[in-house]
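A short worksheet on the structure shown next.
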Amino acid sequence: MFAASVLRRVASPNCYHVRTLIVLKRSHPLRQPQVGEAHKNLQTKRMRTYELVPLTEEEKPKTIKVVLKELVEGYGAVGDVIEVPRNFGRFELIVPGRASYASPEALKWAETLQERGIEVVRFTSKTSPGTIRYLRSRVYALIMSEKNPWTLEVWHVRSHLRSQGLVVPEEAIVLPDKPINHNDGVFGKDIIITIKINGKDEARCRLRFRPAEELLSPATQLQEVEQPWYIDTPTALFESQAAEINQMHDEVMAIFQKRIEAIRSEGLRSIADLNVRAIF
Amino acid sequence: MATMGTKFRPITERFPKCYQQFLADMRRPRARVMCRPPAEKLRYDASQHLVFKVPDARIPTIFLPESQRGLWGGEEAVKGFRLRKKGRGTVPTLWVPYVTKNVLYSEILDKHFQIETTDHALRLIDESFGFDNYILKTPVQDLNSQMALDIRRKMLLAMARREIYPDNPERRKEILEKYAEFIIPEEEAEWFGLHIREATWKLLEQEQKAKGTPMKAQLRAKFIESLKNPTPPAES
């Protein structure tokens, strides 16, 4: 009985989004008072019977305009004026300081960005910055032959990436300027390639040469490995890329350690956690 | 019995002028939130060939003390009746505001506040382009919240004393320029928005300080001092 009576009192959740402000009017019209006379009958029950004023067009939920102060993925770059749902704009953009209300001062600030020397970084799509971060945090294997001669080409990279779950068209892959041959002592060393997303955004991706014959032999496949190969400290093939490779390795290790600590504290959540490759 | 020659002045007259003005402002009529004014002020009655004033009376609201520690945008409770189906009479009803906890950010104080707000208050904040502007621009009687007045006093004091952003002079200059129209002298800012009980204590303390310590207290202190450190009797 109690629960039913409570449920009957609760208004529809749709109402909360529309207007929680109560605006009332008298159900019965006010009596016309004589000239100079005050209202006498306001305390009667008839005069205290009210009804809700229906919603006007102005009070319906609207979007608010905000000026972005920084890059917000999926919404825009610095200085963009965008329209977002009210509560998202208030509590996700304005309160954390990622945007400000589109006041005349803020609009003026947005117009004079170039004079202040603030760079506007734009991406071609909503998911592009996330993809760039994803590629930075990974190492892909380039499993090449030790015995047969080869020169690294784009289709090598494309097919190896595809076998590891990353489908990249050949036009998007940009290899290093120097040609790489089988007899350069490449195995176990890292290179960085550029992947162009939508032909404009440049993502950096780390690859490591691994010997095919050794990996495919049944002896190595049965061997127990203490830690996965991609955690080993990297050595760069080209010295010009050494600093960048070390930096990317540190980022990978930070994510790895965080994930391992989470497994230690919370325990395994699924069998997928056992797969070390799935840690990333 | 009052001493000769001194005329009694009530405490409301002894307040500084800025605070007297504030008390007068608080007594001004507030903006309507729970009801709307009539669409037209005058009405023409064709049968009598006369023009009448359209009767206008606000719907009486009930003051809720909880509103003083939140931002409700002037909303209050209304007690009355609601019509049922035709011929079935009325139901006694109490309409109350719908309040939620939200986080708001003040640019001047560089601080986040968790405040109980209504949707109407958030809408007013949107219209005035930010929390600081809403607190500083809204007439005092429409804020209808002691907490909002306290925050406003803190903002005014911080701006008057130039105490905002102590580590970042560029940002300080920017903010002071942005809110330059609201800057008032420090003596006035100290009194702004005080509750009358606080203001009374403040005034009494000031008056006591101006008078100085009474002679009775002075003599008592002197006597206690002499008991603690008795001077040796002079040798004859």
Side-chain angles (χ1 to χ4, degrees), chain A residues 9 11 15-53 56 58-59 61-67 86-87 89-92 94-97 100-107 109, chain B residues 32-36 38 43 45 52-61 72-84 89-93 95-100 102-107 110 112-113 117-131 133 174 177-178:
Chain A
R9 254 180 267 155
C15 302
Y16 294 141
H17 293 287
V18 174
R19 184 182 73 183
T20 54
L21 172 67
I22 299 148
V23 183
L24 298 168
K25 66 174 182 186
R26 289 187 172 81
S27 300
H28 309 289
L30 282 166
R31 188 173 64 89
Q32 181 74 49
Q34 295 299 316
V35 179
E37 183 202 7
H39 293 289
K40 280 180 183 174
N41 57 350
L42 288 179
Q43 288 306 311
T44 57
K45 185 176 171 182
R46 189 180 164 79
M47 284 292 101
R48 286 191 291 131
T49 307
Y50 309 123
E51 60 191 43
L52 283 168
V53 176
T56 59
E58 286 180 2
E59 286 161 347
K62 281 181 195 167
T63 52
I64 53 168
K65 264 189 184 178
V66 294
V67 181
R86 289 184 304 169
N87 278 357
R90 285 166 186 161
F91 303 124
E92 304 289 327
I94 288 163
V95 169
S100 59
Y101 285 104
S103 59
E105 299 151 10
L107 290 173
W109 174 84
Chain B
R32 296 184 205 211
V33 182
M34 316 291 285
C35 56
R36 303 252 165 84
R43 174 176 64 85
D45 192 347
F52 289 105
K53 237 184 182 179
V54 177
D56 178 20
R58 289 182 183 219
I59 290 175
T61 53
W72 291 15
E75 281 186 64
E76 286 183 325
V78 178
K79 199 176 164 188
F81 299 89
R82 180 164 51 84
L83 281 175
R84 292 177 73 194
T90 55
V91 190
T93 315
W95 287 276
V96 286
Y98 181 72
V99 185
T100 51
N102 286 315
V103 176
L104 296 169
Y105 175 68
S106 162
E107 237 176 12
D110 190 19
H112 293 268
F113 296 94
T117 55
T118 56
D119 191 48
H120 181 59
L122 291 174
R123 200 187 288 259
L124 291 174
I125 290 171
D126 289 350
E127 280 168 13
S128 49
F129 300 128
F131 178 66
N133 273 327
E174 199 178 299
E177 276 177 15
K178 189 177 174 185

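Below, chains carry the letters A, B, ... as their sequence lines are ordered, and counting in each starts from 1. Please read these numbers as outputs of a predicted model, since none were measured by experiment. Just so you know, these numbers use all the heavy atoms, side chains as well, and skip hydrogens, waters and symmetry mates.
Contact count against chain A (heavy-atom pairs under 4.5 Å) is highest for B/P55 among B/P55, B/C35, B/G80. The candidate from A/I94, A/L30, A/L52 with the greatest count of non-hydrogen atom pairs under 4.5 Å with chain B is A/L30. Among B/R32, B/K79, B/E75, the residue making the largest number of heavy-atom pairs under 4.5 Å with chain A is B/E75. Considering only heavy-atom pairs separated by less than 4.5 Å from chain A, the leading option among B/V54, B/T93, B/D56, B/L104 is B/D56.
Residue A/A106: no heavy atom, backbone or side chain, is found under 4.5 Å from chain B. For A/K65, no part sits under 4.5 Å from any heavy atom of chain B, backbone or side chain. With a threshold of 4.5 angstrom between heavy atoms, A/Y50 approaches chain B through its backbone and through its side chain. With a threshold of 4.5 angstrom between heavy atoms, A/I64 approaches chain B through side-chain atoms but not through N, CA, C or O.
Counting heavy atoms from C-beta outward, A/L21 and B/T118 have side chains that stay 4.5 Å or more apart. The closest side-chain heavy-atom distance from B/V78 to A/L24 is below 4.5 Å.
Rounding to the nearest 0.5 Å gives a distance of 10.5 Å between NZ of A/K25 and CD1 of B/I59. A distance of 5.0 Å separates CG in B/L83 from NE2 in A/H28, rounded to the nearest 0.5 Å.
Within the 3.5 Å criterion, the main-chain N or O of A/V53 finds no donor-acceptor partner in the side chain of B/R36.
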Going by atom type alone, with no hydrogens or angles, which donor-acceptor pairs under 3.5 Å involve a side-chain atom of residues 124-131 of chain B and a protein atom two or more places apart or on another chain?
from	atom 1	to	atom 2	distance (Å)
B/D126	OD1	A/R90	NE	3.4
B/D126	OD1	A/Y101	OH	2.7
B/D126	OD2	A/R90	NE	2.9
B/D126	OD2	A/R90	NH2	2.7
B/S128	OG	B/L124	O	2.9
B/S128	OG	B/I125	O	3.4

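Nearest heavy-atom pair, B/V96 versus A/I22, reported as atom, atom and distance to 0.1 Å: O-CD1, 3.2 Å.
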